[in-house]
Amino acid sequence: MSIELPPSAEHRAAYPLTTLPERVRARLTELAHQHAPLSGYLYDPDTAAARARDLRGALPDWAAVYYAVKANSHPAVLAALAQHVDGFEVASVSELALARTALDGAAPARPDHTDGTPTPVLAAGPAKTTAVLTELIRADAESINAESLLELHRINAIAARLGTTARVALRVNPAHIPITGSLQMGGAPSAFGVPEPDVPDVLAQAATLPALDIVGFHIHAASGNLDADTHAAYVRWCVNWATDTARTAGIDLRQIDTGGGIGVAFEDEKPFDVERFGALIADTPPPAGARVILEPGRYLAADCGWYAAEVTDLKNSYGHWFAMLRGGINHFQLPTSWGIVHNITVLPVDTWPAGLPRPTAENASLTVVGELCTPEDTLLRDVRVDRIRAGDLVVFPNSGSYGWEFAMPNFLGHPAAERHVL
Ligand SMILES: *Cc1c(COP(=O)(O)O)cnc(C)c1O
């Protein structure tokens, strides 16, 4: 993702203060005083847990939910999610360690937890090193989603050396996913997965590698999808494709991993309808012995987080107002990389040092920028605010996913963003 200016929010008003739950408002006000000048995230782990419970509850028995840790890796969020998901999707040694800590903490509450069972983690990533693969195999990961023939050979060699067998799903980049009418996916050149035409050959070679147990397939082709019908059609296509391919290749199919990609509604968009999605996929069960896996990241974590930053300075430049934040894309890069209008609310902070002038804008069109010495450090453009002052907090709801994790904290070397839990 590149850094560019987010689109203009012209004619859009900032969210009213009531957008923030009362307890979030109270805590952020407290943090504004205790940690001034604040640039940080506030997370509500219960909100993430509720999303997971609702999604899991809407799905048939044969479907499982593995949370993609990259979206939000805060230990309290992972601990809350661990009670309500089947496992975690990880990409690095550090994510694996975080997932294991959360799973260990939740162990008594997990009905299926017994010693000797695999660690319920799945792993993806286009360039897994020997170090990562070794840790995954040592942890007895439920499945490693292999992305190439070379990676299959690496996994086989490591597992053989450790005297074990590794469960592996082949990540596939499909040639063509025909779903409802106009929307089509697949066929794009990509670093991820094995191109579909190469799959038969790769599976034939994998069958000769004795330390591999091929459990199924992984396809992660959706992104930010808000439509339950197309997502259900996508999952059904994955089930049918995996079933046919496994039959042809003589694979004992146990896993059909359909990746992440359920979207989060902003502004007046309609939220993803999990009940409808669950009902729609129910008529396409996988073959006996196989599970269908969803790996949501954004959907579970987005609305459990608020990014809040103090207005360090406020100025009018040739008729246009700018609010300069402690923080910016070094802590919260999402709006610039996602190309969305990520709206704000202004939380008034009443204390202000005696003897300093306090710049104030009223009924103004405002651009919100960060503290970095580059014009790309722009989070929101041309939003209408009733009032904003230096010292107030600018708060971005829906910042629980790809916020702290996705930012670029080292550029210019300002202090890191804080993370707090409600
Ligand atoms: C990023 C990622 C996810 C999560 O995607 P979301 O769009 O956040 O749901 C799931 N699986 C894989 C392999 C990923 O890379």
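Counting starts at 1 for both ligands and their atoms, in listed order.
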Quiz item: Under 4.0 angstrom from ligand 1, any heavy atom of Ala71?
Solution: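 No heavy atom of Ala71 comes that close to ligand 1.
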Quiz item: What are the two closest heavy atoms between Asn343 and Ala14, and how far apart are they?
Solution: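 Minimum heavy-atom contact is OD1-CA, 3.5 Å.
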Quiz item: Can you name the nearest heavy-atom pair linking Gln205 to His153, along with the distance?
Solution: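 Heavy atoms only, the tightest pair is OE1-NE2, 4.3 Å.
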Which of the numbered atoms in ligand 1 are under 4.0 angstrom from any heavy atom belonging to [X]?
| X | value |
| --- | --- |
| Pro296 | 9 (O) |
| Gly297 | 4 (C), 6 (P), 8 (O), 9 (O) |
| Gly260 | 5 (O), 9 (O), 10 (C), 11 (N) |
| Arg298 | 6 (P), 8 (O), 9 (O) |
| His218 | 13 (C) |
| Ala68 | 3 (C), 4 (C), 10 (C) |

Quiz item: Do the rings of His331 and Tyr307 sit parallel, tilted or perpendicular, given the 30° and 60° boundaries?
Solution: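 It falls in the perpendicular class, over 60°.
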Considering only heavy atoms, does [X] approach ligand 1 within less than 4.0 Å through its side chain, its backbone, both, or neither?
| X | answer |
| --- | --- |
| Tyr402 | side chain |
| His220 | side chain |
| Ala124 | side chain |

Self-check item: Polar proximity ligand 1 side, Gly259 side, N/O cut 3.5 Å exclusive
Solution: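 Between Gly259 and ligand 1 (N or O atoms, distance only) the closest approach is not under 3.5 Å.
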Exercise. Return yes or no for this condition: an N or O of Gly261 is under 3.5 Å from an N or O of ligand 1.
Key: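 By distance alone, the answer is yes.
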Quiz item: How about Trp306 and Tyr43: are their ring centroids closer than 6.0 Å?
Solution: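 Between Trp306 and Tyr43, the centre distance exceeds or equals 6.0 Å.
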Quiz item: Quick one: are the ring centres of Tyr41 and His420 less than 6.0 Å apart?
Solution: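 When the ring centroids of Tyr41 and His420 are compared, they turn out to be at least 6.0 Å apart.
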Self-check item: Identity and separation of the nearest protein heavy atom to atom 1 (C) of ligand 1
Solution: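 Nearest protein contact, heavy atoms only, for atom 1 (C) of ligand 1 is Lys70 NZ, 1.3 Å.
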Exercise. Starting from atom 12 (C) of ligand 1, locate the nearest protein heavy atom and write down its residue, its atom name and how far away it is, to 0.1 Å.
Key: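 Among all protein heavy atoms, the one nearest atom 12 (C) of ligand 1 is Glu295 OE1, 3.4 Å.
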Exercise. Using modelled atom types only, decide if a donor and an acceptor are shared between the side chain of Asp377 and the backbone of Leu372 within a distance under 3.5 Å.
Key: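 Yes.
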Quiz item: Is a side-chain donor or acceptor of Thr284 paired with a backbone partner of Arg236 at a separation under 3.5 angstrom?
Solution: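 Checking the backbone N and O of Arg236 against the side chain of Thr284, no donor-acceptor pair under 3.5 Å is found.
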Quiz prompt | CD on Glu147 to CG on Leu152, rounded to 0.5 Å | solution =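 That separation rounds to 10.5 Å.
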Self-check item: Inter- and intrachain pairs under ring pair (Phe, Tyr, Trp, His ring centres under 6.0 Å), touching residues 276-297, at least two apart
Solution: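 Listed by first then second residue: His231-Phe277, Phe272-Phe277.
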